Amino acid sequence: MADRERKVTDKEKTAGTGKVKLIPVYVMGKRYLVPETLTIMKALEYAGYRFIRGCGCRGGICGACATVYRKPGDYHIRVGLACQTVVEPDMYLTQIPFYPANRASYDFAQLSDSPEEIFKLYPEVFRCIACNSCTKACPMDVQVMDVISAVKQGNIERAATLSFSCIQCGLCVSRCMGELPQYHIMQLARRIYGSRIAPRAEHLNEAVEAAKGEKCQQALEKLMKSDIKQLREIYQSREIEPEMAGEDWTPAKRDDL
Amino acid sequence: MPYTEELKNLIKAVEKTRPQRLARKKQGEEFPRMSLDEVEAILKKYHPDYKEEGRRELKVGPSKGYQIAQEFADLLEAWSRINPDKIDLSRVDIETDVLIIGGGGAGTAAALLAEQNGARVIVATKLRHGDANTMMAEGGIQAATKIEKDSACLHYLDTLGGGHFKNEPELVHTLVTQAPEILRWLEGLGVMFDKFPDGRLHTLLGGGTSRKRMHSCGDITGIEIMRDIRDEARNRENITVLEFAPAIELVLNEHGHCAGAILYNLETEEYSVVKARATILATGGCGRLHIQGFMTTNHYGATADGIVLGYRAGLKLKLLHTVQYHPTGVVYPEQLEGILVTEKFRGAGANLVNIGGEQFVNEREPRDVESAAIIRECLERGKGVPTPTEKLGVWLDSPMIDTLMGEGAVEREFPGKFIVYQRFGIDISKEPMLIYPTLHYQNGGLEYNARGETSVPGLFIAGEVSGGVHGENRLIGNSLLDVLVFGRVAGESAADYAKDKARDGGLSLQHVEDYHRELEKSGIVTDRVTPILLPDYANPEVRERQLTARHAEK
Ligand SMILES: Cc1cc2nc3c(=O)[nH]c(=O)nc-3n(C[C@H](O)[C@H](O)[C@H](O)COP(=O)(O)OP(=O)(O)OC[C@H]3O[C@@H](n4cnc5c(N)ncnc54)[C@H](O)[C@@H]3O)c2cc1C
Ligand code: FES
């Protein structure tokens with residue numbers, strides 16, 4: 001194994017697939033040669049790893065593949081998503097596919113829109129010492145510390161909107177000096193905001209009724225009984241809302257409804 | 001990686017024709033749409049579904065004789081992962097009212113409703129709870145929520161038209177009439193939909209829909225929905241989630257009813273027996289089968305396991321001969337290969353152009369037609385753009401959007417994609433994207449009815465694993481809706497069944513033994529073992545050296 005690795009580096013051979021240069025990376029300290037164009041995830045697979053943990057969407061949005069790494073001659077600890085970060089020569093890396101973070105359990109229907117709810121469930125939010133390590137660790141550029149400050153100030157709306165792109169990978173938790181479970185706190189803030197603070201879509205009530213209503217049921221039944229030829233005709237003659245139409249657009253053909 | 005010098009040179013052809021294309025666009029001049037005859041012809045010739053070599057007739061099982069993709073046939077003409085004789089069914093490891101297989105959107109919605117209806121629920125899922133295609137949905141969810149201009153009837157029509165009128169009417173009826181209720185339910189759970197200041201929901205037009213009916217949460221609708229319903233499931237005492245515990249076979253009982261499943265612990269490699277009064281299959285799609293070598297938008301666990309389990313237990317296949325290729329998947333840079341580029345880019349004005357910078361298809365054709373046209377451009381007409389990774393693609397001319405909608409529009413409207421490309425040194429507001437069709441969605445699946453029931457009593461299904469509601473081609477935004485509507489329906493039906501309809505009886509894997517026997521008789525010679533659970537992406541050189549003798553698993 002080691003022999004094969006050595007030989008290849010000396011010559012900077014090209015990989016079988018394309019004309020790609022191979023570079024060394026250290027997976028949990030062990031050296032492998034991988035094509036320089038690959039993401040960390042694909043590089044690990046190239047090296048022969050088969051993921052069970054640490055791999056989900058493969059597209060940067062599920063948070064399964066949190067990774068920490070260091071580069072030679074650089075004291076910084078770096079973090080990223082294995083499926084989004086391209087390998088660099090001599091990087092030392094490991095994945096953190098799971099990091100314990102306590103989650104409070106609650107009966108959501110019973111919660112109010114008050115920030116007190118969050119304080120009660122997550123009193124540790126006040127342990128935040130504003131070191132900003134969480135923000136620095138976030139691969140999605142969420143301003144994690146600002147979110148926590150917003151929570152502390154009772155501004156749930158701000159916490160919810162600022163944390164919207166959180167993918168719950170847990171890197172913030174792994175770096176937190178105050179030992180907070182940031183992503184769980186943000187999840188709760190967003191749910192309270194979405195259901196209790198943001199203006200409700202009142203028109204949904206009418207829509208629910210209309211869909212159950214007799215008029216709609218009768219029209220649907222008629223459609224369900226039509227043969228393909230009739231259906232095609234109705235389909236082709238239906239009016240299409242123009243892309244550029246404003247919110248107040250209404251159809252000329254009312255019988256479609 | 002940034003575009004290579006060769007690619008940068010090729011982009012010049014796109015830049016050269018851009019001003020004329022923009023001028024045409026501003027005048028409302030469109031590339032001619034195909035007639036119905038042309039559509040038929042191009043699909044037959046270039047759409048992967050229609051390729052003769054791509055399909056074969058199934059030799060075993062309840063849908064014997066049905067022609068489906070080779071990759072599906074390979075899965076179904078294969079041995080179980082277990083020797084049924086070796087499993088001690090008298091030793092039940094877990095007993096529950098409702099077992100749900102798959103912790104994506106459909107499975108989680110089912111869990112919530114089953115629990116609400118009084119059942120103790122176990123969710124067994126392959127990866128983490130929420131590692132699922134549901135998490136990846138970007139565009140949005142359809143529902144007729146604006147009654148001044150829209151109705152469930154119009155939604156019904158659009159869905160049928162998109163599905164080539166092959167959809168099951170009863171299923172579509174349930175889908176469209178429950179749609180507004182789903183949105184109300186989600187809002188109540190805290191989902192942050194895009195809204196106007198007065199709370200009215202934003203809605204967008206999608207391909208094949210006659211009204212603006214697509215509701216979104218930024219460009220991460222799937223994440224927002226999935227993480228909220230998952231959070232809710234975590235709050236419920238009677239829902240237990242088992243992660244990294246895929247089901248590898250259903251268990252029936254002496255009456256031929258479904259009575260649970262065999263789970264496999266991916267980490268310790270142990271098998272265990274779950275006995276359940278009702279079982280729901282919600283395992284999602286098949287992108288990781290890479291049908292005909294296509295790249296995919298799907299998550300790591302999308303390996304069509306549910307099809308295998310259900311088929312061996314006696315369920316028929318429905319409309320599984322079609323799968324959806326999304327026309328615009330990233331083909332280069334390699335790191336992003338397969339990833340979805342939403343059709344909103346075309347909606348916002350980006351043209352598709354070939355190596356000469358010429359348009360070759362109207363950008364609003366349905367997905368299957370658009371994909372076929374791209375394949376034709378690359379394979380027949382030789383006008384594809386060669387990538388440094390020895391593939392072919394065409395350009396999606398995203399910089400047009402900045403000209404049409406104002407500087408900064410690409411970054412503002414597509415923040416997710418903008419950042420991802422930027423990480424690789426490509427500014428998509430200035431350089432076009434290289435794309436090719438990518439395997440996206442399993443249009444068909446296992447047969448079921450509008451109550452989520454199947455032909456096996458006690459077995460319910462929901463979500464992408466099912467077939468019928470979308471006909472031969474799913475419309476944008478109808479799938480998130482599907483998984484929530486039918487997830488809830490299945491959850492309710494299963495809880496109801498578990499309460500007083502389930503009949504207890506001795507557990508059995510006879511159906512697996514019978515299936516094995518049928519395989520033997522059919523003359524199929526294979527050492528394939530399925531479900532495959534996870535794809536294998538090891539470099540072939542490494543694989544050749546992975547020589548551990550596998551203990552005989554069949
Ligand atoms: C990139 C992308 C974008 C999309 N965009 C949209 C959109 O904008 N609008 C829309 O409506 N639809 C969209 N879709 C489609 C839609 O997201 C999916 O079809 C839908 O969410 C599927 O839900 P599901 O619950 O059936 O399956 P999934 O969400 O995939 O869940 C299935 C679950 O089952 C698990 N599983 C698999 N096998 C087993 C097993 N053997 N045992 C136990 N568990 C198992 C999986 O790990 C997974 O957790 C998109 C899909 C993708 C991939
Ligand atoms: S695998 Fe989902 S974020 Fe990387």
Side-chain angles (χ1 to χ4, degrees), chain A residues 16 18 37 39 45-48 50 52 55-62 64 84 86 103 105-108 160 164-165 167-168 187 190-195 198-204 206-208 210-212 216 219-220 223-224 228 231 234-235 238-241 243 249-251 256-257, chain B residues 1 127-128 131 135-136 144-149 151-154 156-157 160-161 165 169 173 177 180-181 183-184 187-192 195 198-201 205 210-212 218 220 223 227-228 231-232 234-235 244 266-267 299-300 334-335 339 389-390 420 423 536-539 541-542:
Chain A
T37 54
T39 56
E45 289 176 332
Y46 177 91
R50 189 174 191 187
I52 292 177
C55 177
C57 65
R58 302 176 75 96
I61 52 156
C62 79
Q84 295 292 301
V86 177
R103 180 185 169 283
S105 201
Y106 37 86
D107 182 349
F108 187 69
F164 189 68
S165 0
I167 57 172
Q168 312 189 329
Q187 169 78 64
R190 281 192 307 272
R191 286 192 64 190
I192 293 180
Y193 175 72
S195 68
R200 291 292 286 245
E202 299 297 344
H203 60 103
L204 283 176
E206 300 164 359
V208 170
K212 285 191 211 140
C216 176
L220 272 174
L223 283 178
M224 289 168 73
I228 286 215
L231 277 173
I234 310 174
Y235 178 73
R238 79 207 196 287
E239 188 179 355
I240 310 255
E241 180 172 358
E243 178 124 42
W249 179 85
T250 46
D256 268 3
L257 305 170
Chain B
M1 296 295 111
L127 302 164
R128 299 176 313 165
D131 286 345
M135 196 64 121
M136 307 188 73
T145 60
K146 297 183 173 167
I147 58 171
E148 326 72 66
K149 61 173 178 188
S151 70
C153 289
L154 277 171
Y156 181 93
L157 263 183
L160 254 69
F165 301 94
H173 180 279
T177 52
E181 178 66 52
L183 281 251
R184 188 163 73 173
E187 192 190 42
L189 289 172
V191 171
M192 288 166 59
K195 290 177 177 177
D198 65 352
R200 206 173 150 78
L201 295 162
L205 213 52
S210 60
R211 295 291 190 270
K212 292 182 183 164
I220 55 169
I223 296 186
R227 65 188 172 195
D228 283 9
D231 190 65
E232 186 54 25
R234 286 176 175 162
N235 282 335
F244 301 97
L266 277 174
E267 286 161 328
H299 85 115
Y300 188 49
E334 188 185 9
Q335 298 85 359
I339 288 186
T389 42
E390 291 167 20
V420 168
R423 288 193 188 125
D536 187 353
Y537 292 129
N539 134 34
E541 249 176 68
V542 171

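Please read these numbers as outputs of a predicted model, since none were measured by experiment. Atom set for the values below is all heavy atoms of this structure, side chains included, hydrogens, waters and symmetry mates excluded.
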Check step by step if side chain to side chain contact (heavy atoms under 4.5 Å, CB included) holds for L204(A) and L201(B).
-> CA-CA 9 Å; L204(A) 283 176; L201(B) 295 162; 3.9 Å; yes
Per-residue contact mode, I223(B) against chain A (heavy atom under 4.5 angstrom) | side chain
Interatomic distance, Y46(A) atom OH to N539(B) atom CG [nearest 0.5 angstrom] | 4.5 Å
Does any heavy atom of chain A fall under 4.5 Å from the side chain of R423(B), the backbone, both, or neither of them?
-> side chain
Note: vs chain B, highest number of non-hydrogen pairs under 4.5 angstrom among A198(A), C62(A), G60(A) is C62(A)
R128(B), E334(B), K146(B): which one forms the most heavy-atom pairs within less than 4.5 Å of chain A?
-> R128(B)
How many angstroms lie between atom CZ of R227(B) and atom CD of Q168(A), to the nearest 0.5 angstrom?
-> 6.0 Å
What part of F165(B) lies closer than 4.5 angstrom to a heavy atom of chain A: side chain, backbone, both or neither?
-> both
Heavy-atom distances under 4.5 Å only: say whether I220(B) touches chain A with side chain, backbone, both or neither.
-> side chain
Chain A shares the most heavy-atom pairs under 4.5 Å, among G218(B), G199(B), A152(B), with G199(B)
With a 4.5 Å limit on heavy-atom distance, are the side chains of C57(A) and M135(B) in contact?
-> no
Across all chains, not counting sequence neighbours, the salt bridge (charged side-chain N to carboxylate O under 4.0 Å, His left out) partners of E232(B) are R191(A), R236(B)
Shortest non-hydrogen contact from A144(B) to A207(A)?
-> O-CB, 3.8 Å
Within a strict 4.5 Å, meaning less than it, do heavy atoms of the Q335(B) and T37(A) side chains meet?
-> yes
Is there a side chain to side chain contact (heavy atoms under 4.5 Å, CB included) between Q187(A) and D228(B) once you walk through the steps?
-> CA-CA 8 Å; Q187(A) 169 78 64; D228(B) 283 9; 2.7 Å; yes
Heavy-atom proximity to chain A below 4.5 Å, by part of Y537(B) | both
Cut-off 4.5 Å, heavy atoms of chain A, and the answer for L127(B) is side chain
Note, P180(B) side chain near V208(A) side chain (heavy atom, < 4.5 Å) = yes
Taking the side chain as every heavy atom from C-beta outward, state whether L220(A) and Y156(B) have any pair of such atoms under 4.5 Å apart.
-> yes
Non-hydrogen atoms of chain B under 4.5 Å away: do they reach the side chain of L231(A), the backbone, both or neither?
-> both
Relative to chain B, which segment of A64(A) carries a heavy atom at a distance below 4.5 Å: side chain, backbone, both, or neither?
-> both
Taking every heavy-atom pair that is under 4.5 Å apart, which of A201(A), A211(A), S165(A) has the most such pairs with chain B?
-> A201(A)
CZ of R200(A) to NZ of K195(B), rounded to nearest 0.5 Å, is 6.5 Å
Counting only heavy atoms closer than 4.5 Å, note whether K212(B) contacts chain A via side chain, backbone, both or neither.
-> both
Spacing of R190(A) atom CZ and M192(B) atom CE [to the nearest 0.5 Å] | 7.5 Å
Between the side chain of R211(B) and the main-chain N/O of E239(A), is any donor-acceptor distance below 3.5 Å?
-> yes
Pick from A210(A), G194(A), G59(A) with the largest number of heavy-atom pairs that fall under 4.5 Å of chain B = G194(A)
Y300(B) ring centre to R50(A) NZ or CZ under 6.0 Å, with the angle to the axis within 45°?
-> no
Pair count under 4.5 Å, heavy atoms only, with chain A: among H299(B), M136(B), E267(B), R184(B), highest is R184(B)
Can you tell me how far CD of Q84(A) sits from CD1 of I339(B), rounded to the nearest 0.5 angstrom?
-> 6.0 Å
Partners passing side chain to side chain contact (heavy atoms under 4.5 Å, CB included) against R103(A) (at least two apart in sequence or in another chain) = S105(A), Y106(A), Y122(A), H184(A), D231(B), R234(B), N235(B)
Let me know if T145(B) has heavy atoms under 4.5 Å from chain A in its side chain, its backbone, both or neither.
-> both
